[in-house]
Amino acid sequence: MDDKVKILVMHENASFLEALSHAVDMNSHLYAVDIKVENTGAQGLEEVQEWEPSVVIVDAHLPDIDGYQVLSQCVNKTVVNVVITSEKN
């Protein structure tokens, strides 16, 4: 039985990914976490289907589809823990 929390991140911003990685590393003594990163919504949705993550963190402005479309697809696939991020330049 795998007790790890599976987090799928759909994001292309290196600063965001670095900060998330640091936060996970800082708390690795509390939680067993497995993270996968995809840079497009299409790749991420394939991973949702195959990997069945516990949590999906998605950028609202992916290069191919927006995060809200990803959200609706995840809900249809019974992934209910979705976090949408957005950044202001």
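Just so we're clear, the structure is a prediction, and the values are computed from it rather than from any experiment. The analysis underlying the following values was restricted to heavy atoms, covering all of them including side chains, and did not include hydrogens, waters or symmetry mates.
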Chi angles and distances behind the side chain to side chain contact (heavy atoms under 4.5 Å, CB included) call for V33, K4: CA-CA 5 Å; V33 177; K4 287 186 175 183; over 6 Å; no
Could you pull out all donor-acceptor pairs under 3.5 Å where a side-chain atom in residues 14-21 meets a protein atom, sequence neighbours excluded?
none

Do V70 and L45 make a side-chain contact, defined as non-hydrogen atoms from C-beta onward lying under 4.5 Å apart? yes
Which value, rounded to the nearest 0.5 Å, describes the distance between [X] atom [atom1] and [Y] atom [atom2]?
| X | Y | atom1 | atom2 | value |
| --- | --- | --- | --- | --- |
| E46 | L8 | CD | CG | 11.5 Å |
| S72 | D66 | OG | CG | 8.5 Å |
| M10 | E12 | CE | CD | 13.5 Å |

Kindly give the heavy-atom pair with the smallest separation between Q69 and I65, and that separation in Å.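 Looks like OE1-CB, 3.2 Å.
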Regarding E52 and K6, does a basic nitrogen lie under 4.0 Å from an acidic carboxylate oxygen? no
Please answer: with hydrophobic residues joined when any side-chain heavy atoms are less than 4.5 Å apart, are M26 and V9 in the same cluster? no
Quick one: do D34 and I7 satisfy side chain to side chain contact (heavy atoms under 4.5 Å, CB included)? Show the steps, please. CA-CA 6 Å; D34 193 7; I7 301 174; over 6 Å; no
As a quick check of understanding, evaluate side chain to side chain contact (heavy atoms under 4.5 Å, CB included) for N81 and V56, giving each step before the final call. CA-CA 6 Å; N81 298 306; V56 174; over 6 Å; no
Which atom pairs, one a donor and one an acceptor, fall under 3.5 Å between side chains of residues 57-64 and the rest of the protein, sequence neighbours left out?
| residue | atom | partner | partner atom | Å |
| --- | --- | --- | --- | --- |
| D59 | OD1 | H61 | N | 3.1 |
| D64 | OD1 | G41 | N | 2.9 |
| D64 | OD2 | G41 | N | 3.4 |
| D64 | OD2 | A42 | N | 3.0 |

